[in-house]
Amino acid sequence: MLESVKYLIGSVGPSGYGSKSTAEEVTQASPDLSSITAIITGATSGIGAETARVLAKRGARLILPARNLKAAEDTKARIGEEFPESEIIVMALDLSSLASVRSFVSEFESLGLPLNLLINNAGKFSYEHALSEDGIEMTFATNYLGHFLLTKLLLKKMVETAQEAGVQGRIVNVSSSIHSWFSGDGIRHLESINKKKCHYDPTLAYALSKLANVLHAKGLAERLKKMEANVTVNCVHPGIVRTRLTRDRDGFVTDLVFFLASKLLKTIPQAAATTCYVATHPRLFNVSGKYFADCNEASSSKLGSNASEADRLWSASEAMTAEKSKIGFESEIH
């Protein structure tokens, strides 16, 4: 009850920020990001677009990968009108396609640019059961597996950039508190919905993908530590906000629900705050493998903090993203 009251009134936490803080406010501690090159997925609207706008305001060079290139160019144009000196590169990427992820990374590497910051923000909610071209349930493929491979393939560049520049690299996974709605065996459930062996519950599929984002951050943090890499990874819950994620369900009922819940909703600038805080704030130097909400460290679900589950998912993800392999992870199920 106390936490709910703090959320509603915007009470600040140990970081000095809270639920009412905005992305612009939390980046005031890092006013000059001109030495930073950032990749932000899902930056064509909503939280991702605001994250991109604020980082551009602070001077960061932005790479905006997108499936819809026109939407990405529109975002670039809007930011450019506000900040004419901003450097923004639009590139093609369909996160649901492992081939597209590999193609994007290859094209990015050909640019010869450094990479300091990777924000895995893009999200999808599939209301109907669908499989990606790689045979993976679409929500999981887009929200998690594409980001897993993207991060894996870009990691060498991030480690090299951190070594050369002497600036710690940061990876931010945008998850959701909805990750706590999933319990049980995630890999077995994924196998079932990949083959449609069970009733498809879109909300459960979304929760599983967001749990995977949390476990990915935990598993990657341990690996980065063992590598002694000057790169951190953390996970964030942006808060409850109406974005284009609900666009397939616009209508009276959806509008009514959001109206009734309006006092719980964040504005887009408030929702982007935690991402920007974790991505840029000096306070988080060497902080890795954590979960944040309302710009403060928080607790993920019990399953989301399970190191064994993180390792198990990692092994399954390696198998699923192996070249010449489709859903090759049955052997990883224990």
Side-chain angles (χ1 to χ4, degrees), residues 26-27 29-43 48 51-66 72 76 79 83 85-93 95 100-122 146-174 213 216-236 275-290 292 321:
V26 302
T27 55
S30 305
D32 183 8
L33 298 178
S34 58
S35 64
I36 299 299
T37 297
I39 292 177
I40 309 170
T41 68
T51 299
R53 187 190 74 81
V54 172
L55 293 186
K57 177 177 182 176
R58 303 304 181 198
R61 175 197 286 128
L62 304 182
I63 312 298
L64 305 186
K76 175 181 176 179
I79 294 174
F83 309 112
E85 301 300 315
S86 60
E87 182 179 352
I88 303 173
I89 301 171
V90 170
M91 298 176 65
L93 172 62
L95 281 162
S100 179
V101 173
R102 292 189 175 94
S103 178
F104 166 80
V105 172
S106 178
E107 185 178 351
F108 172 74
E109 289 176 340
S110 73
L111 298 177
L113 296 173
L115 181 58
N116 310 89
L117 177 59
L118 172 61
I119 300 179
N120 293 321
N121 167 81
H147 282 125
F148 172 87
L149 181 60
L150 180 68
T151 304
K152 176 183 176 181
L153 297 180
L154 290 172
L155 199 56
K156 180 180 178 182
K157 172 60 68 176
M158 293 198 72
V159 172
E160 290 175 350
T161 299
Q163 289 176 336
E164 293 168 4
V167 177
Q168 192 166 76
R170 296 190 184 187
I171 300 167
V172 182
N173 284 356
V174 178
N213 292 147
H216 176 226
K218 185 172 185 63
L220 181 56
E222 287 301 313
R223 286 160 175 80
L224 289 169
K225 183 178 179 181
K226 290 178 181 178
M227 291 168 58
E228 298 185 350
N230 191 22
V231 178
T232 64
V233 56
N234 291 289
C235 199
V236 305
T275 298
C276 289
Y277 172 72
V278 173
T280 68
H281 205 285
R283 181 193 299 271
L284 297 186
F285 179 76
N286 276 346
V287 175
S288 194
K290 305 299 184 180
F292 290 82
T321 56

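Please read all numbers here as calculations on a predicted model, not as lab measurements. Index from 1, following the sequence.
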Please assess Leu149 against Val105 for the test side chain to side chain contact (heavy atoms under 4.5 Å, CB included), listing each intermediate value before the final yes or no.
CA-CA 10 Å; Leu149 181 60; Val105 172; over 6 Å; no

Decide side chain to side chain contact (heavy atoms under 4.5 Å, CB included) for Leu220 and Leu155; before the verdict, give the C-alpha distance in whole Å, the side-chain angles of both, and the deciding distance to 0.1 Å.
CA-CA 10 Å; Leu220 181 56; Leu155 199 56; 4.0 Å; yes

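Side chain of Arg170 to backbone of Val278: a donor-acceptor contact under 3.5 angstrom is found. When atom types are taken as modelled, the side chain of Ser110 and the backbone of Glu107 share a donor-acceptor pair closer than 3.5 angstrom. Put simply, the side chain of Thr161 gets close to the backbone of Leu115: a donor and an acceptor are under 3.5 Å apart. Remark: the backbone N or O of Cys235 is not paired with any side-chain donor or acceptor of Asn213 at under 3.5 angstrom. Between the side chain of Asn116 and the backbone N or O of Gly169, no donor-acceptor pair lies under 3.5 Å. The backbone N or O of His147 sits less than 3.5 Å from a side-chain atom of Thr151, completing a donor-acceptor pair.
The CZ atom of Phe108 lies 10.0 Å from the CG atom of Leu150; values are rounded to the nearest 0.5 Å. Interatomic distance, CG of Asn120 versus OG1 of Thr41, reported as 5.5 Å (0.5 Å rounding). Going from atom CD1 of Ile39 over to atom CG of Asn121 covers 13.5 Å, rounded to the nearest 0.5 Å. Summarising the geometry, atom OG1 belonging to Thr280 is positioned 7.0 Å from atom CG belonging to Leu55; distances are rounded to the nearest 0.5 Å. From Thr275, atom OG1 reaches atom CD1 of Ile40 across 9.5 Å, with rounding to the nearest 0.5 Å. Annotation: the span from Met158 atom CE to Gln163 atom CD amounts to 12.5 Å, rounded to 0.5 Å.
Using a 4.5 Å heavy-atom cutoff, the side chains of Phe104 and Ile63 are in contact. Residues Met91 and Leu111 have side chains in contact (heavy-atom distance under 4.5 Å, counting atoms from C-beta outward). Here the side chains of Leu284 and Tyr277 are in contact, with some heavy-atom distance below 4.5 Å.
With sequence neighbours excluded, the residues forming a side-chain contact (heavy atoms from CB on, under 4.5 Å) with Met227 are Val159, Leu224, Ala229, listed by chain and number. Partners of Arg61 by salt bridge (Lys or Arg N to Asp or Glu O under 4.0 Å), not counting sequence neighbours, listed by chain and number: Glu87. For Lys76, the side chain to side chain donor-acceptor pair (under 3.5 Å) test picks out no residue, with sequence neighbours left out.
Nearest approach of Ala221 to Val233, heavy atoms of both residues: N-CG1, 3.5 Å. Here the closest non-hydrogen pair linking His216 and Asn173 is ND1-ND2, 3.0 Å. For the pair Asn234 and Gly289, the tightest heavy-atom approach, listed with the atom from each and the gap, is OD1-N, 3.2 Å. Closest heavy-atom contact between Thr232 and Val287: CB-O, 3.4 Å.
Residue-environment remark: NZ (Lys157) exceeds the threshold of 12 foreign heavy atoms within 6.0 Å.
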